[in-house]
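Quick notes on the structure that follows.
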Amino acid sequence: MKELVQKLRKYEIRIRKAINSQMQGDFRSVFKGTGLEFDDVRSYQYGDDVRSIDWNVSAKGHGTFVKTYREEKEQSVFLMLDVSASQTIGTGKQQKLDVGKEICGVLALAAARQQSQIGIICISDQKEKYIKPAKGIEQAYAIIKALRELQPKSARTNLAAGIKLTLDIVKRRSIILLISDFIDVHYEKELSMLAKKHDLIVIQLLDVRERSIPGLGIVPVVDKETGKTVWLNTSGAAFQTYHLSQYKENQNRIIRICQKYQANYLAIQTNEDYVPQLVNLFRLRNRTTKKSA
């Protein structure tokens, strides 16, 4: 545990130094909201934008009212980590799940340093672990320890159910980081709902072996989530074309949803250093925060 914390602290310091040197910015910006949150209503005044009129309240017959908003400076940070069996694939020393756990640990330490509330939910096709948001270094250690000791009860994935569970738990608008390989189907509606309600950051974990399967002829392939074995002709042109198209379409589908709802998207390969990519993500969020301020 001590070695793990030291490793994660080293990564967190690298990120902070890069941000301070490259952006002269504030690392805390990644934990700030990028928009406005509904606050209250008040009577309409000359010059108010008619688009801000609350027609439901005004229809009660007591006058015309407009919605007021407050800037979202501080929000709770909520981590969603997919811990299903498809995440236990990787090239080299790191599996996708290892990378996901490290990113959660780094952000937990960063949140503790900046006195931001942070919580986590780990999902498969069920709730595997939930720690409600809180502040402080003890909270960061609790998250890191829980991830290190976690033994998922289920190997299967159900992103739609996991997102619904998160929507039920997290009522107030929060910054949500969803970390998954997104090897699943029928989750698009729920992902859109999550992006509309919260300040969403999507981190897709990828492995080079998923993008390019070598032509080895007819070989048995085991589905790690169901345990079933199927025989595939990996040398066939049809298989290679179909596999690559499915891989790209899955990624493009996620990107389209993120673009539509102004969510951040980041793809991370297991064999790459993810620290510079996180720095780029924080740089983007810094620019967005400054523009909306």
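Just so you know, these numbers use all the heavy atoms, side chains as well, and skip hydrogens, waters and symmetry mates.
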Any side-chain donor near an acceptor of the partner, Asp184 and Thr157, under 3.5 Å: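 No donor-acceptor contact under 3.5 Å links the two side chains.
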Distance only, no hydrogens: is a donor on one side chain within 3.5 Å (strictly under) of an acceptor on the other, for Ser76 and Ser174?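 Note: Ser76 and Ser174 side chains miss the donor-acceptor criterion.
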Might you point out which heavy atoms bring [X] and [Y] nearest each other, and give the distance in Å?
X      : Y      : answer
Gly100 : Ile179 : CA-CG2, 4.0 Å
Ser84  : Ala155 : CB-O, 3.5 Å
Ala140 : Ala108 : CB-O, 3.5 Å
Ser180 : Phe182 : OG-N, 2.9 Å
Gln139 : Ile118 : NE2-O, 2.7 Å

Check the pair Asn252 / Arg256 against side chain to side chain contact (heavy atoms under 4.5 Å, CB included), numbers first and verdict last. CA-CA 6 Å; Asn252 290 337; Arg256 284 196 298 269; 3.7 Å; yes
Establish whether [X] and [Y] are linked, either directly or via other cluster members, by ILVMFWY side-chain heavy-atom contacts under 4.5 Å.
X      : Y      : value
Val83  : Leu159 : no
Ile175 : Leu278 : yes
Val99  : Ile123 : no
Ile163 : Val185 : no
Ile137 : Leu8   : yes

So [Y] and [X], do their side chains get closer than 4.5 Å, heavy atoms only?
X      : Y      : result
Ile254 : Tyr187 : yes
Leu167 : His198 : yes
Gln277 : Leu266 : yes
Leu178 : Leu191 : yes
Leu97  : Lys101 : yes
Arg14  : Asp273 : yes
Leu81  : Leu147 : yes
Leu177 : Ile103 : no

Separation of [Y] [atom2] from [X] [atom1] (nearest 0.5 Å):
X      : Y      : atom1 : atom2 : answer
Thr166 : Glu190 : OG1   : CD    : 11.5 Å
Cys104 : Ile120 : SG    : CD1   : 4.0 Å
Tyr141 : Leu4   : OH    : CG    : 11.0 Å
Asn264 : Gln259 : CG    : CD    : 11.5 Å
Leu200 : Leu194 : CG    : CG    : 5.0 Å
Leu165 : Met80  : CG    : CE    : 8.0 Å

Is it the case that the side chain of [X] and the backbone of [Y] share a donor-acceptor pair, with hydrogens and angles ignored and the cut-off at 3.5 Å?
X      : Y      : value
Thr270 : Gln95  : no
Arg173 : Lys197 : yes
Lys96  : Asp207 : no
Asp98  : Gln94  : no

When the ring planes of Tyr274 and Tyr11 are compared, do they come out parallel, tilted or perpendicular, using 30° and 60° as the limits?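 If you compare the ring of Tyr274 with that of Tyr11, the planes turn out perpendicular.
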Can you tell me which residue among Ile255, Ile183, Asn250 is in a side chain to side chain contact (heavy atoms under 4.5 Å, CB included) with Gln204?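 It is Asn250, the one option of Ile255, Ile183, Asn250 that forms the side chain to side chain contact (heavy atoms under 4.5 Å, CB included) with Gln204.
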With salt bridge (charged side-chain N to carboxylate O under 4.0 Å, His left out) as the rule and sequence neighbours excluded, what pairs involving residues 120-148 come up?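 Found Lys145-Glu149.
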If you count heavy atoms of other groups shown closer than 6.0 angstrom to CD of Gln151, is the number above 12?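 Open.
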Surrounding CD of Glu249 (heavy atoms of other residues, nucleotides or ligands, distance under 6.0 Å), is the total greater than 12?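 Atom CD in Glu249 is packed in, count exceeds 12.
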Before you tell me yes or no, could you show the steps for Ile143 and Leu107 under side chain to side chain contact (heavy atoms under 4.5 Å, CB included), namely the whole-Å CA-CA distance, both residues' side-chain angles and the distance that decides it to 0.1 Å? CA-CA 10 Å; Ile143 289 174; Leu107 293 177; over 6 Å; no
